[in-house]
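Worksheet: the structure to be examined is printed underneath.
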Amino acid sequence: MTSQPLTFSAEDIPTRFDFAKSQSQILDMWQSGGYFHATPDPSRKPYSIVIPPPNVTGALHLGHALNNTLQDVLIRMKRMQGFNALWMPGTDHAGIATQAVVEKRLKENENKTRHDLGREELVKRIWDWKDEYEKRILGQLKQMGCSCDWDRTRFTLDETCGRAVRRTFFDLFNKELIYRGKRLVNWDTFLGTTVSNDEVDSKTVQGNFWHFMYPVIDPKPNEPAHVIVATTRPETMLGDTAVAVHPDPSAALDKVASELRDKLKKSNPNEKEAIQEQIDALAERRKEMLPALELLRDMANDGRKLMLPLMDREIPLVCDQWAKPELGAGCVKITPAHDPNDYEVAQRCGLPMINIMTREGKLNAEVGKYQGLTMKQGRKQVVEDLEALGLLEQVEDREIELPISDRSKTPIEPFLADQWFVAMDQLSQSAMDAVTDGRVKIQPQRYENGYLDWLGEKRDWPVSRQLWWGHRIPVWSHPCFTQQELDATIEKVKSLPEFNEDVCSIQSEPCPEKDEEKRIKLELPLATVHVCVQSDNEALENALTDAGLEQDPDVLDTWFSSALWPHSTLGWPEQTEELKHFYPTSTLITSRDIISLWVARMVLMGLNNCGEIPFDNVYIHPKIQDAFGVTMSKSKGNGIDPLKVIERFGADALRFAMADMCTETQDVRLPVNYECPCLTDKKDKQGNPIPCGNSFPQTKKTQIAPRVTCPQCKQDFATQWAESEEDVALPAGAVLSERFEVSRNFVNKLWNASRFAMLNLEGYTPAPINESDITVEDRWMLSRLATVSASVTDKLERFKYAEATSELYEFAWNHFCSFYVEMLKDRFADESLRPHAQRMMAHTLDCILRLLHPVMPFITEEIWQILAKLCPERGFESVAQQTACIIAADWPQLDQGWQNPEIENQFALYQSTLGALREIRARQNLGNKKKVKFSIKCESDVASLLEPLSSYFGSMANADLVEMGAGVKPPETNATLAKPNMEIYVDLDGLIDVGAEIKRLEKEEVSLTKSISGKERQLGNEKFVANKPELAADIRVSLAQAQEQLAAVSEALKKLRAKQ
RNA sequence: GGGCGUUUAGCUCAGUUGGCUAGAGCACCUCGUUUACACCGAGGGGGUCGGGGGUUCAAGUCCCUCAACGCCCA
């Protein structure tokens, strides 16, 4: 590139960075330049990140903006450091969540259920939804400047990921790590599906508490003839397989009593009475019932059995802590197949589990004459029949918590359903080992606990979901009712021409019901043949169907495909170049709520499939909360669209704010205001109406509302949630936050500092550096640059984002703009100093831009492009042509030899002197125009440090230094400033406001006195002086200085008071 | 119920291994448009570090306890 002479005048360059214009141009430039694309290059060191794929349920919010900013910062820095850097993008199909949103829409807009549409049509609708939101999500990421390799964008349900899923499932099935089993699920009888825990609401309804008597079989003398159990769901008694009593009722009652007493102590006076009543009742109960409870316990231990009425089934009396001796009769009926707590009791006590319900919510063949009744009808019948038998002891009215399906609003029935499971024992262990031996580092480290605890439970992973949206389970099954049929089926499968052991695996699942007679009565198969087929074997799949096998209607848990993300996106199971080069990936950046669900599973699946960990580092970042301390989430609808922020403040400001929020431990709150865009009657100079502009905090209501009324102008405006035509037509309100404003201001500060540089780099040709031209402030800036670049690199590599941004902010604004640029002004004005100053300016700005680029890519690129025209050759020790785009520039690696603590101290001395002068100006209300004279009393070594910078007192404080040295005497009327090692006298002849000066000095006196007494106290402490001699020595020095300062201040005060 | 975390200025947050008068930004007050920037500059006021107890010469920092809030798992 030839350097064309380019001139700027101040009018050409706006004083505000036009981010909207710049962003789109720069995005095009990066995209067309292929800067985001990574091609495996074995000669270069790889650095790779896979994006946590956002769910296609909805648009992204600021939580995602944070997550993705952090990834982009790293990937951009690594790219600049010369790594072969890949950021793999994509989205997640998010099984139930997406299907639920689409079904909800369907219900709202068309009043249809999925059954009205059918599987194929519903899935098609979900794909449409996915297309729309994927586009929107990727657009949001692009607008944020995320430098993902978009050519490689994946979707967890696409063909490549599908192949990985099939291969994994097949492999685990073949190793018998996938098996078929029963599990208690939340069954929605209306929709005929399982719903997850977070889709179950609880509703308090008026219900009954029925007390039944179960006869004891062959009671011994003194033993009761019946035990009494109570239930809110009588129909479930048909599936009872035991009655439980507490193993130690006395201890359990004591525990409850002591908890109540604690509660009483802490309670409010108005609660005390009620609690006391409970305590009394408990004591009474203990007296009356304990012997009976202990007798029951003994009966259980003695193996006593009960006769389950209506079913005439013998069931045991067992001991389990689930029984609550403080409630009812102290006995609890156990229905393992229809109650989660009972299910656990059954597992602990080894009880049989009897399913009494069909998928439609009716009673099944297990319950004889009750078969075919709905659960509700069954309840009525059971109560009637028990009453007829004289076994109904009493009925209480009671409020009960009823689980309701969030989706169908009908009651949830706990239901024992057939599910596929992944056996987790070995897999979990491998993932635990990877973290305990340090191959995978989780940061901050405290998150390791949760990861290890969760995996340590080694609970098998139920992977079936009764949904239509997801990876269909690749298993074809056939129930066989006889041994002959079983053998024949297996034989038939094996003899299919398409059959091949490498792609087809067979399991036979025996019926859990071992009682042959019962099995036949219940029409249960002897065994079910399951055939798992690898991907790309359609002929075999068809042949299996033709042979009478049916594919499992369920789909896989969405986390099954996400667990493969780091290798499936790179093409596994194919051994692609990408996989070889970029796997294991370098860093995973995610939030803590999915450490177990996702991170842990990626580790174990990575190890299982690739034999290697999926990533070296896991960084867990804070979560963004709204003003009310609630985490932003798609489902809660309290998230803020990053595009809204970008629109108003620019992508760089958004990114800087995000990175700046990313501290070590905190979840960060981000309260936001709406800004009213509605036009008012007022007009500006051109006659255009002025918008209202009222800024007011979001409330819980308005944060999720599509339209909001401005409390000031009373007009409505649209929010990001506007959907209806009327809402969208309203003016759109912006979202404001102090954090974005701070960042936007910083962006603008950088813009204007660069604007100043542009105005002064006119006609620049790199001037040779003469050692003698390098001033103290140059050395200071070079020292700062060396220090900051090393420190920022280190901080970013250790994920200390907020520390890095704070340091950059401080450096760019307070050091570069406030001091160095100010000092350069004088030198630009002097023709002889100008060339050197230009070279220093170009170099410094160049380094600052590169350091800021990962966080603020757009503005840094924009300025870089201008610099490229103005001064393409930059550098300090040597000049070199810079890269065309900053995205491809080298990361600053400055010669650390320039770090110079002496120079930094020297500069600090200047800064503190300057600060003192400015303080006097402000206190004395001198304005800017009045020039003052001042002198400094100090030793010659201090004077020689200040000397080279002394001219800047004039330009930066409008103060002339007239004299400096040990013999300096204060002028008659002066303001005295006492600093360590020096006294500054500002000559205020005729200017002084004595009262203000006295006030200032008095304050100074108080603070010095406080400081001195603190130091004296510390030094008077023998143990301290003995333990920390070095620290004590330092304090002694500063004490002496403070005492000198105090003396000077007191002296000055005395003189001033005399004048009053 | 179990675990993890948080509580510092009006607000949002920093504060390394305990150690000099606890910091920043915003907001607030005073002053100021010298041509990079009013999305700016200079200066200022404002905190018994959630409550209580302990360890220590010394505690925002370590320990115990209580409270409130957030998240994960039951």
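These values consider heavy atoms only, across backbone and side chains, with no hydrogens, waters or symmetry-generated copies. First the proteins, then the strands, lettered A, B, ... as listed; each starts at 1.
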* In terms of the nearest nucleotide of RNA chain B, which residue is placed more toward the 5' end: A/N745 or A/C817? -> A/C817

* With nearest nucleotides of RNA chain B determined for A/K749 and A/S1011 from heavy-atom distances, which residue corresponds to the more 5′ nucleotide? -> A/S1011

Could you check whether [X] gets within reach of a base, just the sugar-phosphate, or nothing at all, counting any heavy atom under 4.0 Å?
X	value
A/I1035	nothing
A/Q625	sugar-phosphate
A/E822	base
A/R923	sugar-phosphate
A/R918	sugar-phosphate
A/S1007	base
A/S955	nothing
A/N1027	base
A/K1003	sugar-phosphate

If I pick the [atom1] atom on [M] and the same atom on [N], what distance separates them, to the nearest angstrom?
N	M	atom1	answer
B/U61	B/U16	C1'	10 Å
B/G60	B/G18	C1'	10 Å
B/A42	B/A9	C1'	22 Å

Measure [atom1]/[X] against [atom2]/[N] and give the value in whole Å, please.
X	N	atom1	atom2	result
A/K930	B/A42	NZ	P	20 Å
A/N958	B/A42	CG	C1'	12 Å
A/K1023	B/U56	NZ	P	8 Å
A/N748	B/C39	CG	C1'	5 Å
A/R592	B/C73	CZ	P	11 Å
A/Q911	B/A42	CD	P	12 Å
A/Q1018	B/U56	CD	P	18 Å

* OP1, OP2 of B/G43 versus side-chain N and O of A/R1000: anything below 4.0 Å? -> no

Looking at [Y], is its backbone amide N or carbonyl O close enough to the side chain of [X] to form a donor-acceptor pair, meaning the two atoms are under 3.5 Å apart?
X	Y	value
A/N752	A/N748	yes
A/R1036	A/K1015	no
A/S791	A/T787	no

* Donor + acceptor pair across side chains of A/Y952, A/E777 (<3.5 Å) ->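 Indeed, the side chains of A/Y952 and A/E777 share at least one donor-acceptor pair under 3.5 Å.
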
* Asked: Does the ring centre of A/F19 sit less than 6.0 Å away from the ring centre of A/F858?
  -> no

* Asked: Is it true that the NZ or CZ of A/R16 lies under 6.0 Å from the centre of A/W751's six-membered ring and within 45 degrees of the ring axis?
  -> no

* Asked: Is any side-chain N or O of A/E919 under 3.5 Å from a base N or O of B/G44, one able to act as donor and the other as acceptor?
  -> no

